[in-house]
Amino acid sequence: MSNTIKTDNNKMYNELNQPVKGVSLWLDAWRRLRKNKMAMGGLVVMIVYAAIALSAGLLPIYSFNQQVLDHQYLPPSSRSAGELLIEQKVELLSAFAAKEERELNKVELGQIEKLKERVATEKKVLLTGEEILVHQRVYHLGTDELGRDLLARIIYGGQVSIMIGLVGALASMFIGVVLGALSGYIGGRFDSIMMRFVDIMYSLPYMLLVIIMMAIFGKNILNLFFALAVVSWLTVCRVVRGQIMSLKNSEFVEAARASGASTRRIVFKHLIPNTMSVIVVYTTLRVPAFIMLEAFLSFLGLGVQAPYASWGVLIHDGVYAMTTYPWMLWYPATVMTLFLFSMNFLGDGLRDALDPQSKNKL
Amino acid sequence: MSEVILKVNDLKTYFNTDDGIVKAVDGVSFELEKGEMLGIVGESGSGKSVTNLSLMKLIPSPPGKIMSGTAMLDGVDIFKMNDNEIRKLRGNRIGMIFQDPMTSLNPFLRISTQMIETIMLHQDKDKSAARARAVEMLEMVGIPNPSKRINDYPHQFSGGMRQRVMIAMALSCDPEILIADEPTSALDVTIQAQIIEVMQELCRKLNTAVIMITHDLGVVAGICDKVCVMYAGRIVEKGSNDEIFKDPKHPYTQGLIKSVPRLDRPSKGRLYSIEGQPPNVIDLPECCPFHPRCEKAMDKCRNTYPPLKVFGKGREVSCWLYEGEK
Amino acid sequence: MSKYIIRRALGLIPTMLIIITVCFFLIRVAPGGPFSSEKKIPPQIMKNIEKKYHMDEPLIQQYGRYVVNVLRGDFGPSYKYKDYDVNYYIAQGLPKSLLLGTISILLAVLLGTAAGMFSALRQNTWVDYTWMSFAVVGISVPVFVLGPVLMYIFSIRLGWLPVAGWIDEHGLKALVLPVLALFYQYFATIARLSRASFLETIRSDYVRTAKAKGLKTSYIMMKHVLKGASLPVVSYLGPAFSGIITGSIVVEQIFRVPGLGRHFVQSAFNRDYTMIMGTVIVYSLILVIMNFLVDVLYGYLDPRISYS
C-alpha cells in the first residue's frame with residue numbers, strides 16, 4: 001500500500017488510522033492455519049507421533065521383537081504378565097470344576113501353587129543380554145501370537161510407517177518437482193515427450209505393477225521404496241509443470257529475464273519458490289497416501305517383512321486374530337487411523353491457508 | 001414531469017466477514033424515472049455493484065445482509081417481497097447485465113436454451129413463440145444470422161457478441177428497468193462504444209429505464225441523464241449530466257473528471273490522478289472517508305461525516321466545503 | 001465427435017500393447033521362475049517342463065507367441081495349477097469382481113454426488129457437517145482397516161452378516177460388507193469433491209445470471225448447476241476406477257471373495273507368470289476402457305472441449 005504510516009510500535013496504519021495487514025505469504029498462511037482448529041489439532045497430533053517415533057529408543061518400552069512364548073495373546077492390562085497367567089489358570093481350572101460341580105481339588109491347587117512359584121522366580125535372558133524376572137513384564141496393549149509387546153510393536157511399527165511416508169513423499173516430490181519444473185520451463189519437444197510419458201504411466205494400473213514388482217524382485221524395504229517412488233511422482237510432476245507454465249509468462253519472470261538472469265537462476269530463484277506453496281501442500285497430503293500404500297502392500301504380505309513391523313503388518317496380523325483377540329486389530333488400527341486423520345486435516349488446512357483460491361479441492 | 005418508477009431510500013447493505021463488518025453500502029438514496037438513464041460512478045469497492053445486487057436481492061447471504069432501507073417499485077417495496085414475488089420481478093420487470101460476458105452465460109447450455117427459458121418463464125408463450133422472440137431479440141442487438149447462431153454455445157461467440165446476447169436476454173421480457181453492471185469494462189475499447197450504442201438505442205425504443213454502473217466517467221458522460229457519484233459506500237454527489245460535468249462540486253468528482261483523458265483539449269502535461277487509495281470500509285472512523293486524499297481537507301473533515309447539502313431538485317452534495325451556502 | 005471417439009478408441013490398442021510389453025519383460029527379467037522355488041528338479045525334467053511352456057525359446061519369440069495368443073483371447077495354461085488354464089480362472093473370478101466393483105462405484109458416484117450437493121446447498125448447517133464428517137472419516141480410514149472393523153462388528157459380534165464367502169452360499173447378504181468397505185473411500189472423496197464443485201458453481205457468474213432471470217432454485221440446480229458441477233467428479237472417475245480395482249484386491253482378500261483379486265495375489269506369490277499376466281491384462285483392459293468412456297462422457301458434458 002502506498003500512503004502507509006509507520007508508528008512507534010512498528011505496526012502499519014493507513015491515513016484513516018486503520019491497521020494495515022502484513023503481506024508475507026507464509027505469515028498470512030500461518031495466521032489462517034492457526035484459525036483452523038482441526039488443522040492445528042492435526043499438527044499437534046503429528047508432533048506427538050513424531051516425538052514418540054523419534055525417541056522410541058529412549059522410551060521405557062520393551063523391544064519390538066522380544067518373544068516370550070509363555071506370554072502369547074495376553075490381553076491389554078496394567079497388571080504384570082505373571083498375575084494374568086495365574087488368573088487365566090485359576091479361571092480355566094475353576095471352569096472345569098464348576099462343570100463337575102465341585103471345588104478345586106488338591107492336584108489343581110498344587111498346579112496353581114507351582115505356577116505362582118514359577119511366576120515369582122523364573123528368569124529369562126533377553127535379546128539385549130539382560131536377565132530379568134520375565135513374568136514381571138507388563139503389557140499395556142497386550143501381546144501377539146509370539147508373546148511380543150504390542151505397544152512396542154506399534155511404536156516401532158509407527159517409526160517404520162512414518163519413515164516410509166516421509167521418505168516416499170519427499171523422494172516422489174523431488175523427482176516430480178525436478179522433472180515437472182524442467183518440463184514446464186523448457187517446454188517444446190522435451191515437454192511434449194515428458195507429458196506423453198506421464199500420460200502412458202497414468203493409464204497403467206500402477207498398484208498392480210507395484211504388487212508385481214514386490215512379488216518378483218523380493219520383499220525388502222528398498223524395493224518397496226523403489227516401487228512406490230517409480231509410480232508416485234506423476235501427479236506432482238503434472239501439477240508443478242502446470243504451475244511453472246503459468247508462472248513462466250508472468251511479469252516478474254519476464255522482468256528477471258529482461259535483466260539478464262540465467263535459466264538456472266530463474267528456475268531456482270523465481271519459479272520454484274513461487275510454486276512452493278503448492279509443493280508443500282502436496283507433500284503433506286502425500287505422506288498419508290504413502291503410509292496407506294505401504295500398509296496396503298504389507299496387508300497383502302508384500303511389504304515390510306518380519307521381524308520388522310509396520311502399521312500395515314500389525315493390522316494384517318490383527319485381522320487374523322481378531323475373532324478371539326480383538327485388541328490386536330483395534331490398537332494398531334486406531335493408532336494408524338488417528339495419524340491419517342491428522343495428516344489429512346493438516347494437509348487440508350495447509351491448502352486452505354496457502355492457496356485459498358484453490359480449485360482442485362481433492 | 002415523467003413519473004418515478006424506482007425510489008431507493010437509505011439502503012444499507014453490510015457484509016459480515018472474519019475481519020469485521022464491511023459496510024459496503026451505507027445509506028444510499030436515489031430515484032429513477034421512467035425511460036431515463038442513471039449513471040452510478042465510483043471506484044471499485046465503492047459499493048455501486050452491491051447497491052444494485054441489493055435491488056435484485058441477489059446479495060449472497062450469509063455473509064451479506066440488507067440492513068435497512070426501502071426500494072419502492074411502483075409503490076411496492078422490493079425488500080419486503082417474498083421469494084416468489086421477487087422471482088417474478090427478476091428478469092421480467094428488472095433485467096440485469098453483468099460485467100464479464102465470458103462467465104455470465106452458462107458455458108454448458110446453448111444460447112437458445114438460456115434465452116427461451118427466460119421468455120417462457122415470464123411470458124405466456126409456447127416454445128416456438130419464445131424461440132421466435134429470442135431470435136427477434138438477437139437480431140435487434142445485431143447478431144448476424146440469429147436463427148442459426150441461437151443454437152450455438154457461448155464459447156462460440158466473441159466477448160462483444162456475448163455481451164450483445166446478454167443484452168438481448170435481459171431485455172427479452174420488456175423490463176421497465178435494466179441494470180447494467182459495468183457492461184463494457186471487460187471488453188475491448190473498440191467494442192465498448194458499439195455495446196453502449198446498442199443498449200442505448202434498444203432501451204430508448206422499448207422505453208426501458210437504465211441504471212448504468214461504471215467506474216468510467218467517459219461512458220456516463222455520453223449517454224446518462226443523471227449521475228450519482230459513490231465513494232466508500234455512500235453517494236457523495238448527485239446531479240444531472242450537465243451539472244456534474246460542467247459544475248462538479250465534490251472534490252472527488254472534480255478529481256474524477258480531471259483524471260479522464262480528453263482528446264478534444266490540448267494536453268497540459270501529465271494526466272491528473274487522485275492520490276492514494278480508497279479506504280477499507282471495515283470499522284471506518286467517523287469522518288469524511290475521502291479526507292486523506294482530498295486537497296481541500298479541513299479539520300472538520302477528519303471528525304464528522306459531512307451532511308447532505310441540497311442545491312435544488314436532484315442536485316445534492318455531501319461535503320463540508322458547502323456548509324455555509326444556502 | 002464420432003471421429004474423435006473412433007480415434008480415441010484406436011488409441012487404446014497401443015496403450016494395451018505397452019502394458020502387455022512392460023508386464024511381460026518386467027516379469028521375465030526377475031530372477032527365479034515359477035519352478036525354481038520347488039524342490040530340486042532333475043535337469044532333464046526341468047528341460048521338459050521348459051519345453052512344454054516354450055521357455056527354452058529366445059525371449060523375443062516367447063513374447064511374440066504370447067502377444068498373438070492374447071490377441072486370440074488365450075492367456076495360456078497356469079504354471080501352478082497344471083490342469084487348468086488362465087482363462088478358466090478369469091472366467092470364474094471376473095464376474096464376481098465386476099459385480100462388486102460396479103455396485104461400489106455406482107453407489108459411490110450417486111451417493112457421493114448427492115451428499116456433496118446437499119452439503120453445498122445447506123453449507124455450514126448440520127446437514128453439511130454430518131455428511132462431511134462421514135466423508136472425512138472415509139478419506140482417512142483405509143479399506144484394510146474398514147473391512148476388518150466392519151466384519152468384526154457386524155459379522156463376529158452382532159452376527160447379522162456372513163463373515164466371509166460369496167452369494168452362492170449366503171445370498172445377497174454376502175455383498176453388503178464388501179461393498180461397504182470398498183465404496184466408502186470413493187464415496188467420501190466424491191462427496192468432498194462435489195461439495196467444493198457445487199459451491200463454486202453456485203457462486204459462479206452464470207448462476208447469478210440465472211437467478212437474475214427469476215428462475216426457481218430447484219430449476220437452476222438441475223439445469224444450470226448440475227452439469228458444470230459434476231465435471232470434476234467425472235474427471236475423478238478415472239482414478240476412482242483404478243482405486244476400486246486395487247481396493248477390490250484387498251476386499252476380496254479380507255472377505256474371501258473368490259474373485260479376480262484373490263487369483264492375482266495368489267499368482268503374485270506363486271510367481272505364476274501366465275496368471276499374473278492374464279489378470280493384469282484383464283484389469284488393465286477394464287481400466288483403459290473405463291478411462292475411455294470417462295473421456296467420451298466428459299466431452300459430451302462440456303461443449304467447450306474441441307475434438308480437433
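Just so it is clear: chains get the letters A, B, ... in the order the sequence lines come, proteins before strands, and each one is counted from 1.
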Smallest heavy-atom separation, P303(C) atom then P107(B) atom, equals CG-O, 3.2 Å
Answer with side chain, backbone, both or neither: which region of M102(B) has an atom nearer than 4.5 Å to a non-hydrogen atom of chain C? neither
For chain B and chain C, what donor-acceptor pairs lie under 3.5 Å, backbone included?
residue	atom	partner	partner atom	Å
G91(B)	N	A212(C)	O	3.0
T103(B)	O	Y206(C)	N	3.2
T103(B)	OG1	D205(C)	OD2	2.6
S104(B)	O	T209(C)	OG1	2.7
N106(B)	ND2	H224(C)	O	3.2
N106(B)	ND2	H224(C)	ND1	3.1
F108(B)	O	K227(C)	NZ	3.4
Q114(B)	O	K213(C)	NZ	2.7
E117(B)	OE1	Y219(C)	OH	2.7
E117(B)	OE1	H224(C)	NE2	3.2
E117(B)	OE2	K213(C)	NZ	3.0
E117(B)	OE2	H224(C)	NE2	2.6
T118(B)	OG1	K213(C)	NZ	3.4
H122(B)	NE2	K213(C)	O	2.7
H155(B)	NE2	P303(C)	O	3.4

Heavy atoms from other residues, nucleotides or ligands near CZ of F134(C) exceed 12 (cutoff 6.0 Å): no
Structural part of L105(B) lying under 4.5 Å from a heavy atom of chain C: backbone
Checking heavy atoms, do the side chain of L301(C), its backbone, both or neither come under 4.5 Å from chain B? backbone
Is the CZ atom of F79(B) crowded by more than 12 outside heavy atoms at less than 6.0 Å? yes
Contact origin within L53(B) toward chain C - heavy atom pairs under 4.5 Å: side chain
Nearest non-hydrogen partners of A212(C) and L58(B), listed with the distance: CB-CD1, 3.7 Å
